[in-house]
Asks: 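Below is the structure I would like to discuss, written out as structure tokens.
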Amino acid sequence: MEKDKIKYFGIIKSPAALLVLIALIISACDSDSPFTSLPGEDIQLSTGKTYIGDTITVFGTGFGKRIDESGICMEGDLFVSSYDCIRWGEQKIVFEIPIAACSGTVSVCVANDTLKPVNIEVEKLPPFQMVKINPGTFFMGSNTGFDEEMPLREVAISKPFYISKYEVNILLYKAVTGIGDSYRKDLPLSNVSWEDAILFCNEISKITGFDTCYSFDGEQYSWNKDANGYRLPTEAEWEYAARAGSRNDFYSYIDNAAWYNENSGYKVHPGGLKSANEFGLFDMMGNVREWCWDYFAEDYTNAYDTDPSGPLTGERRVQRGGCYADGRTWCRLSNRVFPDYSEKFCGIRLVRNAN
């Protein structure tokens with residue numbers, strides 16, 4: 001063997017070449033280096049079509065460590081810092097589509113390099129389903145429940161309406177308002193005030209191109225009943241939709257249809273895991289309560305009524321449907337809740353005029 005050559009790892013190298021190799025390894029491992037391998041030219045997305053609030057994944061190479069100069073570049077000079085991404089790794093990035101995002105290009109910025117962009121289609125809202133409810137009559141209230149549920153009376157719903165199949169979840173609320181927990185987006189929204197619910201209805205109406213239903217004159221909200229936008233149900237609409245033809249306290253065996261204090265573990269659950277009623281609506285008797293438009297009235301009138309919407313004035317608005325912390329008595333279809341202290345257990349179910 002020649003004296004000026006040494007065998008390293010089965011390969012003949014000169015000492016000078018070995019020193020160069022060691023220097024390169026040290027440089028690549030340097031903590032100040034923005035990436036440990038050269039960034040690839042191409043990236044791939046987990047989906048080409050998404051929506052505000054959705055979580056998507058970017059696949060590629062050489063993304064490096066989290067630094068201020070690295071992040072996701074989107075259409076309209078929108079930049080999501082690497083520190084704001086859910087995950088930032090050498091070959092995989094997970095991030096949430098921000099509320100200001102729009103359709104166009106998306107790429108990864110690695111230090112001062114921008115990788116080849118790809119196109120993405122961004123919808124403003126995640127998908128949500130509405131069910132059409134046809135007009136009809138039903139018996140509202142109870143003759144055996146609490147005083148505020150009496151008397152049992154016949155009510156007519158004269159116009160068709162759409163009602164959401166599921167309670168509004170955190171993902172939809174966040175897509176509209178920018179407010180919400182990024183990690184439990186599949187759960188029904190709760191801990192929301194009646195006024196927040198009203199404002200949400202107006203905002204989602206604007207986004208979807210419908211008329212807003214509510215206005216505020218400085219003292220109280222008014223409802224334009226002819227507007228075609230999203231709104232809260234009246235008590236009558238809610239009970240009519242919840243009963244789906246049933247005249248019993250529950251539209252189904254409660255353990256099969258509702259999350260309540262005996263089966264919920266005292267926590268909210270993703271929508272749609274229990275059985276639906278005959279109209280195909282989920283969680284009408286449990287999980288979270290739902291705001292209605294109506295002011296609370298002490299009792300019902302005996303008179304036959306068409307499309308009632310509650311008193312013109314009042315101090316408290318009505319919640320309907322039981323919640324995960326309620327006992328079965330409070331999950332009955334005729335039960336009414338009129339809180340004056342907390343909205344902890346209450347969420348939203350959307351309604352919209354069908355004509």
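Along the sequence shown, residues carry numbers from 1.
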Asks: Under a 4.0 Å N-O cut-off, is there an ion pair linking Asp283 with Arg349?
Replies: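 No, this pair does not count.
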Asks: Side chains of Arg316 and Tyr295: donor-acceptor distance under 3.5 Å anywhere?
Replies: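 No, no side-chain donor-acceptor contact under 3.5 Å.
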Asks: List, one per line, each side-chain donor-acceptor pair under 3.5 Å for residues 50-60, sequence neighbours excluded.
Replies:
from: Thr50; atom 1: OG1; to: Asp54; atom 2: OD2; distance (Å): 2.8
from: Thr55; atom 1: OG1; to: Lys185; atom 2: NZ; distance (Å): 2.8

Asks: Is the centre of the Phe345 ring less than 6.0 Å from the centre of the Tyr324 ring?
Replies: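 Yes, ring centres under 6.0 Å apart.
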Asks: Kindly determine whether Glu237 and Arg231 satisfy salt bridge (charged side-chain N to carboxylate O under 4.0 Å, His left out), including the steps that lead there.
Replies: CA-CA 12 Å; Glu237 288 172 330; Arg231 58 181 177 83; 2.9 Å; yes
Asks: Taking the six-membered ring for Trp and the full ring for Phe, Tyr or His, determine whether the centres of Tyr230 and Phe210 are under 6.0 Å apart.
Replies: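 Yes.
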Asks: If you take all heavy atoms of Pro188 and Val268, which pair is closest and at what distance?
Replies: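 So the minimum-distance heavy-atom pair works out to CD-CG2, 3.8 Å.
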Asks: Between Glu235 and Arg317, does any NZ, NE, NH1 or NH2 come within less than 4.0 Å of an OD or OE carboxylate oxygen?
Replies: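 No, no charged N to carboxylate O under 4.0 Å.
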Asks: Indicate whether any N or O donor in one side chain lies under 3.5 Å from an N or O acceptor in the other, for Glu75 and Thr105.
Replies: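 A pair is found: one side chain offers a donor N or O, the other an acceptor, under 3.5 Å apart.
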Asks: Within 45° of the axis and under 6.0 Å from the centre of the six-membered ring of Tyr300, does NZ or CZ of Arg153 qualify?
Replies: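 The answer is yes; both the distance and angle limits are met.
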Asks: Just by distance, with hydrogens left out, do Trp194 and Glu343 show a side-chain donor and acceptor under 3.5 Å apart?
Replies: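 There is no such pair (donor and acceptor under 3.5 Å, judged by atom type) between the side chains of Trp194 and Glu343.
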Asks: Just one of Phe63, Trp88, Tyr83 clears the side chain to side chain contact (heavy atoms under 4.5 Å, CB included) bar with Ser70, so which one?
Replies: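 It is Trp88, the one option of Phe63, Trp88, Tyr83 that forms the side chain to side chain contact (heavy atoms under 4.5 Å, CB included) with Ser70.
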Asks: Going by an N to O cut-off under 4.0 Å, is there a salt bridge joining Glu90 and Lys65?
Replies: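 Here Glu90 does not pair with Lys65 in a salt bridge, since their nearest N and O are not under 4.0 Å apart.
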Asks: For the residue pair Tyr166 and Phe282, does the interplanar ring angle fall in the parallel (under 30°), tilted (30 to 60°) or perpendicular (over 60°) class?
Replies: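 If you compare the ring of Tyr166 with that of Phe282, the planes turn out parallel.
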Asks: Angle class for the Trp330/Phe146 ring planes (parallel below 30°, perpendicular above 60°, tilted otherwise)?
Replies: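 Ring orientation, 0 to 90° scale: tilted.
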Asks: Kindly check if the number of other-residue, nucleotide or ligand heavy atoms within 6.0 Å of CG (Leu273) is above 12?
Replies: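 Yes, CG of Leu273 has more than 12 neighbouring heavy atoms, counting only those of other groups under 6.0 Å.
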Asks: Distance-only criterion, 3.5 Å: show the donor-acceptor pairs between side-chain atoms of residues 120-139 and protein atoms not counting sequence neighbours.
Replies:
from: Lys124; atom 1: NZ; to: Ala101; atom 2: O; distance (Å): 3.4

Asks: Heavy-atom count check: over 12 atoms from other residues, nucleotides or ligands less than 6.0 Å from Glu69 CD?
Replies: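 Above 12, so yes.
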Asks: Not counting sequence neighbours, list each pair that qualifies as a disulfide (SG to SG under 2.5 Å) and has a residue in residues 98-209.
Replies: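 Disulfide (SG to SG under 2.5 Å) check on residues 98-209 returns Cys73-Cys109.
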